[in-house]
A.B. asks: 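Sharing a structure below in structure tokens format, with a few things to ask.
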2 protein chains.
Amino acid sequence: MSPYDPSAHPPFAVTVDLVVLTVRQHALCALTVRRGEPPFQGRWALPGGFVRPDENLAEAAARELAEETGLRAQQPAPATSGAPGPYGTGGAHLEQLATYGDPQRDPRMRVVSVAHLVLAPDLPAPRAGGDARSARWAPVDDLLQAEGGAPEEEQRAQLAFDHARILADGVERARSKIEYSSLATAFCPPEFTVGELRRVYEAVWGVALDPRNFHRKVTGTPGFLVPAGGTTTRQGGRPAQLFRAGGATLLNPPMLRPEL
Amino acid sequence: MSPYDPSAHPPFAVTVDLVVLTVRQHALCALTVRRGEPPFQGRWALPGGFVRPDENLAEAAARELAEETGLRAQQPAPATSGAPGPYGTGGAHLEQLATYGDPQRDPRMRVVSVAHLVLAPDLPAPRAGGDARSARWAPVDDLLQAEGGAPEEEQRAQLAFDHARILADGVERARSKIEYSSLATAFCPPEFTVGELRRVYEAVWGVALDPRNFHRKVTGTPGFLVPAGGTTTRQGGRPAQLFRAGGATLLNPPMLRPEL
DNA sequence: GATCATAGTCGTCTCACTGACGATAAACAT
DNA sequence: ATGTTTATCGTCAGTGAGACGACTATGATC
């Protein structure tokens, strides 16, 4: 077989799917949209859509993100290559996750989907997308525990296509990445307190962390947090110092996730 | 725009490219093949090829690996999904790396390439592929330092397409992954000594490690290494105990890569 | 207004682990 | 016999994390 023979390549559709995560009310939540047409009509799915001929994968993901959530998505910085990696999206973090291309993953045709991971602060309004499809935030625990041999009720809660696995992979990526990077700040507003950042870690990992050790760790890591100058009392209790994300992206040594 | 409209999707070609790494003579090397046709005729490139209609991405990568290197590639275990992750390939480790889909990355048509990373022990014969293309192992340092504004000689050494970036991403993945996983054993034969494993780390990271601390670390991590029962003197010096890779895949705490 | 609840911040102690490095062991080369 | 090479065991000091005590500053409640 000769590689790159244009007449030989089978027809593929290429899409981007989005795992958009945020932390709301102490729970890690993912954005889901309700499907308006078969297959999986009425079921929830991850937002996504086709890659257009003139855009790269990151641009397609940013465009879909803007269309589905209204999240302002700045263009991926240099865009000189299709390489993965984080690109700024006006507050939200966007990076390529993985690609899913099982022949049977879409019953209608051969679809290869390049999944992207988005980490966003809790949005003021979880508005639906411009194309009138309804959207909602759902706790990832609810979305994922519906897997396995389950009664009919849970059947309806299951995500369409292979989106449950994509979501699981995205959640795992987020869980491991906040260990060794400053990515947890992507879940926070521009200014936040140490306690708010700690609650992000607790929600993403599903564990309780010691406030004192956490405070020592994050304030003691150079470049992780920079004081923003004010204090806030929005959490109740003693006023807390406000911080902004520092320039450092890598945490060394990493934040340790408690066992079990 | 209606998602999943079959008539609306532009024609994409989907390929897999392979970053095949091994350690030979104290250097991290990558497998490259010489291109026999334009564009980039005569230049070196990463092995790869089209995904066939009836195979998933992992299967396509394993098939290309077998075709280009003769490496026996077992079928990815359950293959119930197109999800990324390691699958056994008869000694060599195979995992999805990232996907590259810039509109201009191939001058002939829109090609989306799902790159995979393969870690293999030093092969007895670096044989060329079945399709008569010449193949060779090249130190990744040579392949990557050819980047940047360089004289004409280095121009010829540069990899075709965006393969230099794909290779760089694969090398970085390997470098970081041996920190917190037992993946370095994928570069070793079934039975190996602590010193051989240390030389793998030294070659991949490009640093010198203290033999005594390294020995303490790897033998003290439960499940990392299991004694194979014999000794060998193939490295000269005092005979060394032979080990096999243990069941543990995650190293906790991780092996620390020295600064700079 | 005193008390309580809540949350933030600073310290202390101990243990695990790492990096630096000394010392010994078992092979081969000369 | 002696030196060289590589493997393996031990020691010691410093860093950082987990456990947890103590104190502080706010709002809520009696």
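Each chain gets a letter, A, B and so on, in the order the sequences are listed, and its residues count up from 1.
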A.B. asks: Rounding to a whole Å, what distance do you find between A:K217:NZ and C:dC10:C1'?
C.D. replies: 18 Å
A.B. asks: Which parts of residues 228-243 of chain B get close to DNA chain D, meaning a heavy atom less than 4.0 angstrom away?
C.D. replies: B:Q235, B:G236, B:G237, B:R238, B:P239, B:A240, B:Q241
A.B. asks: Applying side-chain contact (heavy atoms from CB on, under 4.5 Å), name anything that partners A:A115, two or more places apart in sequence or on another chain.
C.D. replies: A:L97, A:Y100, A:I166
A.B. asks: Does A:R199 have any salt bridge (Lys or Arg N to Asp or Glu O under 4.0 Å) partners at least two apart in sequence or in another chain, and if so, which?
C.D. replies: none
A.B. asks: By the definition side chain to side chain contact (heavy atoms under 4.5 Å, CB included), identify the one residue from B:V194, B:T193, B:T185 that meets it with B:F243.
C.D. replies: B:V194
A.B. asks: Atom CZ of B:R257 and atom C1' of C:dT18: how far apart are they, to the nearest Å?
C.D. replies: 17 Å
A.B. asks: Between atom CG in A:D210 and atom P in C:dT12, what is the gap in whole Å?
C.D. replies: 17 Å
A.B. asks: Phosphate oxygens OP1/OP2 of C:dG8: is one of them under 4.0 Å from a side-chain N or O of A:R199?
C.D. replies: yes
A.B. asks: Give a yes or no on whether a donor-acceptor pair under 3.5 Å exists between the nucleobase atoms of C:dG8, that is its base, and the side chain of A:R198.
C.D. replies: no
A.B. asks: Report the residues that fulfil salt bridge (Lys or Arg N to Asp or Glu O under 4.0 Å) with A:R238, sequence neighbours left out, ordered by chain and then residue number.
C.D. replies: none
A.B. asks: Reading DNA chain D from 5' to 3', where do the contacts with chain A start and stop? Cut-off is 4.0 Å to heavy atoms.
C.D. replies: D:dA17 to D:dT26
A.B. asks: According to salt bridge (Lys or Arg N to Asp or Glu O under 4.0 Å), who are the partners of A:R257, at least two apart in sequence or on a separate chain?
C.D. replies: A:E172, A:E179
A.B. asks: From CG of B:L256 over to P of C:dT18, roughly how many Å is that when rounded to an integer?
C.D. replies: 6 Å
A.B. asks: Answer yes or no: is there a donor N or O on one side and an acceptor on the other, between the side chain of B:H26 and the main chain of B:R24, under 3.5 Å?
C.D. replies: no
A.B. asks: For A:W205, does the six-membered ring have the charged nitrogen or CZ of A:R175 within the cation-pi criterion, i.e. under 6.0 angstrom from the centroid and within 45° of the normal?
C.D. replies: no
A.B. asks: Closer to the 5' end of DNA chain D via nearest nucleotide, is it B:V194 or A:P253?
C.D. replies: B:V194
A.B. asks: Choosing from C:dA20, C:dT18, C:dG22, which nucleotide comes nearest the side chain of B:R212?
C.D. replies: C:dG22
A.B. asks: Over how many whole Å does the gap from B:N213 atom CG to C:dA16 atom P extend?
C.D. replies: 18 Å
A.B. asks: Determine whether a donor-acceptor pair (N or O, by modelled atom type, separation under 3.5 Å) exists between the side chain of B:E202 and the backbone of B:L209.
C.D. replies: yes
A.B. asks: Looking only at side-chain N and O atoms, does A:H215 come under 4.0 Å of OP1 or OP2 in C:dG8?
C.D. replies: no
A.B. asks: Given the side-chain rings of B:F214 and B:Y201, with only the six-membered ring counted for Trp, is the space between their centroids under 6.0 Å?
C.D. replies: yes
